[in-house]
Amino acid sequence: MTRRPFICGNWKMFKTSAEAAALARELRAQVGGVAAQVAIAPPFTALPAAHNALVGSSVELFAQNCHWEASGAYTGEVSAPMLRELGCAGVILGHSERRQLFGETDATVQKKLKAALGAGLTAIVCVGETLAEREAQRETAVVSTQVRGALAGGLTSADTARIAFAYEPVWAIGTGKVATPAQAQAMHATIRGLLRERVGGAADGIRILYGGSVKPDNAATLLSQPDIDGALVGGASLQAADFSRIVAAARERV
Ligand code: 13P
């Protein structure tokens with residue numbers, strides 16, 4: 001089954017609204033009309049400005065997190081329907097920074113995934129092991145637990161069109177230490193095997209992105225692996241030229 005490559009830029013806590021609008025305008029000029037699915041995930045506050053800058057473009061707007069309830073007494077939180085209202089097509093869930101710094105767990109990721117899909121959003125569920133876990137050869141166990149945990153609430157075959165996974169080894173995020181294509185491919189194949197246990201053949205249609213120090217000069221090699229269907233890009237998504245070159249690498253895979 002061919003899977004449409006998917007490149008998403010995770011801007012983390014970078015870019016004011018004015019800066020986000022400027023970068024989104026640059027990106028729409030540089031990556032429009034490509035066969036790959038392309039998305040950017042600015043901070044919450046910059047979503048309206050980025051949305052305005054992207055109107056009429058194929059570049060999609062994603063958020064970086066959401067709450068699991070639609071509304072309620074949850075000070076400081078933002079819900080999935082609120083993101084839909086702002087024009088978001090999707091949301092990143094369970095990023096390792098949220099797991100490590102903000103108490104995100106497999107259980108909260110599972111609830112958020114249900115909320116996101118229920119609100120009509122696409123979800124990118126992030127999984128990945130720490131350096132200590134890899135050194136203890138526990139990476140497969142850790143990532144398997146995270147994938148199973150996220151899907152514990154069940155997944156219908158209709159949901160599979162709106163879910164993607166991102167394998168982001170924590171030791172490769174922001175460090176310049178990229179996983180080798182073989183290391184990444186091995187984990188992506190493991191994840192696809194777990195998805196097959198859940199949804200059978202529909203697993204072959206689910207995109208699994210790689211994240212962790214993806215740059216213009218390593219993107220093509222990573223994307224040439226059979227189970228690497230795209231990239232979740234941090235630092236290199238903050239410069240239009242770098243992000244466009246990564247998108248171009250995905251286009252060559254189509
Ligand atoms: P870097 O590309 O900066 O390593 O970040 C990866 C990441 O965390 C994307 O979600």
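Computed over heavy atoms, backbone and side chain alike; hydrogens, waters and symmetry mates excluded. Atoms within each ligand, like the ligands themselves, are counted from 1 in listed order. Throughout, numbering of the chain's residues begins at 1 and tracks the sequence.
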### Message
Tell me whether ligand 1 is touched by Lys215 - counting only heavy atoms on the residue side and a distance under 4.0 Å.
### Response
no
### Task
Could you grab the distance from atom CG of Leu121 to atom NZ of Lys112, nearest 0.5 Å is fine?
13.0 Å
#### Entry: Atoms in ligand 1 flagged as close to Asn10, the criterion being non-hydrogen separation under 4.0 Å
9 (C), 10 (O)
## Note on the structure
For Leu232, the ligand 1 atoms with a heavy-atom partner under 4.0 Å come out as 9 (C), 10 (O)
### Query
Atom OG of Ser144 and atom CE of Met187: how far apart are they, to the nearest 0.5 Å?
7.0 Å
#### Entry: Donor-acceptor pair, side chain of Asp159 and main chain of Thr156, under 3.5 angstrom
yes
### Query
Which ligand 1 atoms does Gly212 reach within 4.0 Å, using its non-hydrogen atoms?
4 (O), 6 (C)
### Message
How about NZ on Lys114, more than 12 heavy atoms from neighbouring residues, nucleotides or ligands closer than 6.0 Å, or not?
### Response
no
### Task
Among Phe6, Trp11, Phe44, find the residue that satisfies the ring pair (Phe, Tyr, Trp, His ring centres under 6.0 Å) test when tested with Phe62.
Phe6
#### Entry: Numbered atoms of ligand 1 (with element) below 4.0 Å of Ala172, judged on heavy atoms
4 (O)
### Query
In the protein, what heavy atom is nearest to atom 3 (O) of ligand 1, and what distance, to one decimal place, separates them?
Gly235 N, 2.8 Å
### Query
If you count the non-hydrogen atoms of other residues, nucleotides and ligands that lie under 6.0 Å from CD in Glu69, is the total more than 12?
yes
### Message
Is there a polar contact between ligand 1 and His95, counting only N or O atoms under 3.5 Å apart?
### Response
yes
### Message
Among Glu168, Glu104, Gln100, which residue satisfies the side chain to side chain donor-acceptor pair (under 3.5 Å) criterion with His95?
### Response
Glu168
### Message
Students should be able to answer this: which protein heavy-atom is nearest to atom 2 (O) of ligand 1, and at what distance?
### Response
Gly234 N, 2.9 Å
### Query
Using a heavy-atom cut-off of under 4.0 Å, does the side chain or the backbone of Ala236 touch ligand 1, or both, or neither?
neither
### Query
Taking heavy atoms and a distance under 4.0 Å, where does Ile173 meet ligand 1: side chain, backbone, both or neither?
both
### atom 7 (C) of ligand 1: nearest protein contact (heavy atom, Å)
Glu168 OE2, 3.2 Å
### Query
Any N or O of Ser213 that comes nearer than 3.5 Å to an N or O of ligand 1?
yes
### Message
Can a donor-acceptor pair be found, under 3.5 Å and without considering hydrogens, that links the side chain of Ser213 to the backbone of Val178?
### Response
no
